[in-house]
Amino acid sequence: MSFDPLEEFSAFAVADCDANEETRAVFRLSLLDWLACGLRGVSEPVSHITKQMVLQEQGAGEAALFGGGRAPARGAALVNGATSHALDYDDTHFAHIGHPSVAVIPAALAVAEREGASGRAFQEAALMGVEASVRIGVWLGRAHYQKGFHQTATAGAFGAAVAAARLMKAGETLMQHVLGLTATRAAGLKAQFGTMGKPYNAGLAAQTGVEVASLVMGGLTSNPDALRVFGETHHGEGAALPKDWQFSAVSHKLHACCHGLHATLNALEGCPPGEADVIEIETHPRWMSVCNQSAPETGLGAKFSYATVAAMALLGHDTHRPESYSDALMQDPGVRDLRAKVQVSANDALSEMQARVRVTRGSEVFEAEHDLAAWQSPEVREAQVKAKAGALLGAQATDALWTLVTENAAPSEFGAALQGV
């Protein structure tokens, strides 16, 4: 029996949410993580620039913006998506290598505020949206990503549209038009990595979801078959839609840089700090074209550089802290000298979530490897995400946000939290 992507995806998109409690618990952590990343990201230039543009348009104040202010839902989704991805510290799903929360949750919250949805409806729509983004990302496959498309922006736009359309109570026929119209708007390139264009990609995905769902619910029609054509024209592999829930396998970042670097940084944690003669890193071949900038000159570029983060870690610069990735540090002679001693090689025997390091200091050699896919108890994961949020915002603010999340607070209450009220 042939696989019909439109029929499969639209049926899932309008179905009752049957996620188990484990998946829902992981989503609650991702919602907290998204809030923390967005609230801490308000000082980043991309946040200021997108917010200034949206506020200058002086549209209806339908939804809250991170850091204060209100804007039309579409503009709020853009600003909040870009702001929450500005630090590159948000969750990642390795099934398709994308950041689902920063594309989907901003769209879901903006529409939920505008529509007056309940807290439960907001969270359930967002959960269905992030799951849809992962499933569509799996359908598009690695070929889509390797060709240069940013799955956060492409698959994320479909997930954002699903979440928004659910909150507007779209049936299956309208959902098919939503998916078809999203196919003509979803866009984003990996060429933007290391620049403000990368978080902008996330904002675009969120904005697209709100825009497309709103247009279709207002009567605009599309060619639903455009979903299939999107896969064909964007180097999609056409893999079958996963039947089991995927989102619970999402990874939460503990270092404020590209997730492709995290296994290396975790492997280096046991290495005594200091200079080195040679630092050898082995990683999956896929990351060689994603986060292997050899000598970035900016803090944003450092987030995509094995050599730089390895040097930072060994010299005692805390890679967990967003402020460590500064333009000034990229001019530091110690960092520049040590990163020149880093050798990165591809090893296809390693998975995308594994890395191996070897640090040589005279006759002393440190060797270690790490696998991000290693099992982690729910209790440990929750503690880590809460600790990260606490480091970004403080314990009191984190506790207040966690209460909103676990009590299914109304979207307006989340909006107030975004504004710092």
So, Lys243 and Glu8, do they make that salt bridge, N to O below 4.0 Å?
yes
Exactly one of Ile281, Leu314, Thr308 clears side-chain contact (heavy atoms from CB on, under 4.5 Å) with Val342, and that residue is Ile281
Derivation of the salt bridge (Lys or Arg N to Asp or Glu O under 4.0 Å) call for Glu280 and Lys341
CA-CA 8 Å; Glu280 298 167 85; Lys341 299 176 182 179; over 6 Å; no
Measure from the ring center of Trp287 to the ring center of Tyr306 and say whether it is less than 6.0 Å.
no
For the residue pair Ser47 and Glu44, confirm or rule out a side-chain donor-acceptor distance under 3.5 Å.
no
Over 60° means perpendicular and under 30° means parallel, so tell me whether Phe149 and His144 are parallel, tilted or perpendicular.
parallel
Salt-bridged, Glu7 to Arg228, with N to O below 4.0 Å?
no
Electrostatic pair Glu297:Arg336 at N-O distance under 4.0 angstrom
yes
Relative to each other, are the rings of His255 and His262 parallel, tilted or perpendicular (30° and 60° limits)?
perpendicular
Can you check salt bridge (Lys or Arg N to Asp or Glu O under 4.0 Å) on Glu113 and Arg70, steps first, answer last?
CA-CA 11 Å; Glu113 279 204 84; Arg70 297 185 68 81; 3.2 Å; yes
Salt bridge check: are Glu237 and Arg142 linked by an N-O gap of less than 4.0 Å?
no
May I ask you to decide if the ring planes of His99 and His150 are parallel, tilted or perpendicular, using 30° and 60° as cut-offs?
perpendicular
Are Tyr145 and His235 close enough that their ring centers fall under 6.0 Å?
no
Is the ring centre of Phe158 less than 6.0 Å from the ring centre of Phe9?
no
Ionic contact status for Asp399 with Lys386, cut-off 4.0 Å:
no
What's the separation between atom CD in Glu172 and atom OG in Ser10, rounded to the nearest 0.5 Å?
4.0 Å
Residues Arg135 and Glu131 bridged, charged N to O under 4.0 Å
yes
Ionic contact status for Lys253 with Asp91, cut-off 4.0 Å
no
Would you say the rings of Trp34 and Phe66 are close, in the sense that their centroids are separated by under 6.0 Å?
yes
May I ask you to decide whether Glu57 forms a salt bridge with Arg74, counting only side-chain N to carboxylate O separations under 4.0 Å?
no
